[in-house]
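Read through the structure below, which is laid out as structure tokens, and then see the notes.
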Amino acid sequence: MQFLKSKFLIIFLFFYLIFGSLASIKSGISFDENYEEINWKFNVKVAKNLSDHFFFNKIYDEKIQEKYIGYGIGFQIISQPTQFVLKDILSKDKNISDYGAHLLAKHFVVFLFFFISVIFFYLILKKVTNDKNFSTFGTIIYCLYPYLFGQALFSPKDVPFMSIWVICTYFSFIVFDKLLDGKKISFLNVLVFSFITSYLFSIRIAGILILLQYLISFVIFISLSKISLMSFLKEYYLKFFVFFLGLLSFTLLFYPPLWYNPFLIFEIIELLSNHFNNVGTNTFGKLMYSKNLPSTYIPIWLAVKLPLLIIIGCFLIPFTEKKIFKNAKNSIFFGTVLTTVILIPLILIFRKVHLYDELRQVMFLFPLLFIIGLISLYTFSKKFFYVLGFFTVSLFLIENIKINPYQYVWFNLPSRYLDLTNKFELEYQGLSGRELANYLNESNEKNICILANPLHVVKPFLNSKNFNCFDIWQKVDTDYKRPFLAVQNVRNLKKGIPYKCATIYESSFNLLFHKKDFVTGRVLKCK
């Protein structure tokens with residue numbers, strides 16, 4: 001019994017890895033995954049052209065970069081080799097195309113990134129509280145949180161970015177821990193730190209925001225230590241230089257277009273902070289467009305997505321902060337996380353950064369919010385923490401089974417008193433495409449054209465012998481030859497049923513304590 005208690009987290013994580021990995025490849029294909037592959041192919045093409053230019057004196061075709069969408073290759077250089085190995089196994093399913101198997105194989109890598117970040121999440125909790133039991137239970141709550149667990153089953157940009165942010169946070173705490181203890185920081189430590197930071201940049205250039213988090217830690221450290229700023233800089237200036245040189249070098253390595261023009265980095269930052277597509281996200285009953293977001297956008301979504309115990313923990317900080325900031329290390333660790341989750345949303349709001357699809361682009365803040373919420377609640381009352389935590393874990397377990405594979409659509413308990421189906425964006429990633437395709441494979445419908453958008457969330461799961469005619473959803477209200485089938489999902493669900501079309505299948509799920517079903521997709525027959 002003592003052995004099981006001491007190894008409980010390891011046993012839990014072992015089974016969590018197995019079930020999560022299997023769930024990831026059983027999920028549907030999301031809206032963005034095809035574009036992720038396009039980005040990889042683009043970067044490969046740029047790298048090949050530059051290699052020919054540098055080594056074989058061929059003329060570099062600058063027109064290639066006109067289609068650049070601004071992402072690096074950090075995640076892809078790990079995911080692509082894994083995908084080529086796993087796709088042969090997944091494609092044995094007759095109802096999954098080779099391309100569909102290739103995309104599904106990426107899901108395993110996404111979940112693996114999240115799983116690794118879970119370990120570092122535990123280490124951060126342990127470093128701040130030095131309490132193994134709390135850190136174990138807090139990590140289990142984090143693991144089972146349906147919103148993040150659901151995202152971890154497919155999201156190829158947001159989850160890897162969030163996961164590496166957690167790892168960077170832990171590495172930065174290690175650095176400041178050594179500084180406080182007067183221990184030596186080797187150049188190898190500095191290079192590893194710069195590499196993992198640049199790897200964050202390579203997934204999404206918004207990773208530069210973590211430099212603000214590092215700066216916050218540094219300011220708190222200087223204010224608490226006896227050493228003056230000038231003395232510190234004189235002692236560590238060379239390591240600062242190595243860190244930023246490594247950061248620059250590794251970042252360039254992960255962005256092939258920068259090999260030809262390093263100054264393109266400024267265009268990338270501008271491109272991704274001001275997204276070209278003016279996406280409208282249903283937020284509290286109002287369609288909020290990415291190019292003109294009100295300041296309430298982020299707070300509203302956090303209020304309905306964060307678990308109740310995290311919200312309570314955050315509100316209790318004014319009553320717990322004296323106990324938490326009991327020493328210099330806690331002041332740096334907890335103070336950094338707390339200041340970061342306040343400053344970054346304010347920066348995004350004041351700079352009017354384009355955001356859409358609820359909180360995808362700021363998902364990296366969720367682990368930080370969990371850290372401060374869990375620690376604050378535990379500090380306030382251990383008994384209250386464990387009682388509320390047990391209730392939360394029970395709810396999470398039930399809903400991870402009940403609403404699979406749509407966990408990422410999850411809303412917290414307080415929000416369920418609202419009419420969520422009309423007031424918030426729901427299944428915007430199109431995971432229902434697999435469920436709808438499975439219905440069509442088992443139906444009597446054959447050799448009939450299918451209209452869908454995007455096609456890649458449905459087509460890979462359809463039996464090619466029965467369905468080989470496809471077109472875009474936008475043609476549903478044109479003189480397109482009838483009869484045809486139409487898949488109505490993602491944002492098309494907001495529209496009514498098209499002319500002379502009828503629903504023949506509807507996919508949906510229901511949250512606990514919420515009256516209305518969440519419709520995730522429909523198959524229409526148009527005659």
Side-chain angles (χ1 to χ4, degrees), residues 24 30 32-48 50-51 65 67-86 102-103 105-120 151-152 154-172 190-211 213-214 243-262 264-269 271-273 360-364 367:
S24 70
S30 65
D32 289 339
E33 292 183 61
N34 182 58
Y35 306 109
E36 176 79 1
E37 286 297 311
I38 292 172
N39 177 60
W40 166 250
K41 291 174 182 177
F42 167 83
N43 277 298
V44 169
K45 187 175 182 180
V46 169
K48 186 178 183 302
L50 285 170
S51 297
Q65 296 191 180
K67 297 181 179 180
Y68 189 39
I69 57 176
Y71 295 108
I73 59 173
F75 175 69
Q76 295 282 11
I77 58 177
I78 294 177
S79 73
Q80 287 294 332
T82 309
Q83 286 174 254
F84 279 105
V85 173
L86 288 181
H102 183 73
L103 293 181
K106 190 194 296 289
H107 292 186
F108 167 74
V109 188
V110 173
F111 183 76
L112 189 60
F113 267 67
F114 179 68
F115 177 79
I116 293 170
S117 76
V118 164
I119 297 171
F120 283 90
Q151 295 277 0
F154 67 88
S155 182
K157 271 281 184 290
D158 308 311
V159 169
F161 183 79
M162 177 191 72
S163 300
I164 301 301
W165 189 291
V166 173
I167 296 171
C168 286
T169 299
Y170 178 74
F171 271 90
S172 71
V190 174
L191 281 174
V192 170
F193 190 31
S194 66
F195 175 82
I196 194 68
T197 303
S198 62
Y199 191 81
L200 179 72
F201 294 3
S202 76
I203 299 173
R204 182 177 286 147
I205 201 62
I208 60 174
L209 287 170
I210 205 166
L211 297 179
Q213 182 176 302
Y214 296 165
F243 173 79
F244 284 107
L245 181 63
L247 192 62
L248 177 62
S249 302
F250 292 131
T251 301
L252 289 174
L253 180 66
F254 288 130
Y255 278 89
L258 300 184
W259 302 351
Y260 185 77
N261 178 16
L264 186 63
I265 188 72
F266 299 108
E267 291 184 31
I268 294 172
I269 294 171
L271 174 67
L272 295 182
S273 62
R360 285 181 50 202
Q361 290 86 4
V362 293
M363 197 186 299
F364 62 92

List the atom of [X], the atom of [Y], and the distance in Å for their closest heavy-atom pair.
X: Leu103; Y: Glu33; value: O-OE1, 3.5 Å
X: Ser202; Y: Gly74; value: OG-CA, 3.1 Å
X: Phe195; Y: Phe250; value: CA-CD1, 3.5 Å
X: Pro160; Y: Ser155; value: CD-O, 3.2 Å
X: Phe161; Y: Leu200; value: O-CD1, 3.3 Å
X: Leu247; Y: Leu211; value: CD2-CD2, 4.2 Å

Side chain to side chain contact (heavy atoms under 4.5 Å, CB included) between Gln76 and Tyr71, worked out: CA-CA 10 Å; Gln76 295 282 11; Tyr71 295 108; over 6 Å; no

Can you sort out the partners of Leu86 under side chain to side chain contact (heavy atoms under 4.5 Å, CB included), two or more places apart, ordered by chain and number?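 Residues passing side chain to side chain contact (heavy atoms under 4.5 Å, CB included) with Leu86: Thr82, Ile89, Ala105, Phe108.
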
Got [X] and [Y] here, is their nearest side-chain heavy-atom distance under 4.5 Å?
X: Phe75; Y: Val110; value: yes
X: Gln83; Y: His107; value: no
X: Phe113; Y: Ser79; value: no
X: Ile78; Y: Leu112; value: no
X: Arg360; Y: Met162; value: no
X: Trp165; Y: Leu209; value: yes
X: Pro256; Y: Ile73; value: yes
X: Leu50; Y: Pro257; value: no

Should Arg204 and Asp158 be marked as a side chain to side chain contact (heavy atoms under 4.5 Å, CB included) after you check the CA-CA gap, both sets of side-chain angles, and the distance that decides it? CA-CA 9 Å; Arg204 182 177 286 147; Asp158 308 311; 2.6 Å; yes

For Tyr214 and Thr197, what are the C-alpha separation, side-chain angles and deciding distance, and is it a side chain to side chain contact (heavy atoms under 4.5 Å, CB included)? CA-CA 11 Å; Tyr214 296 165; Thr197 303; 2.9 Å; yes

Give the C-alpha distance, both sets of side-chain angles, the deciding distance and a yes or no for side chain to side chain contact (heavy atoms under 4.5 Å, CB included) between Ile77 and Phe254. CA-CA 9 Å; Ile77 58 177; Phe254 288 130; 3.7 Å; yes

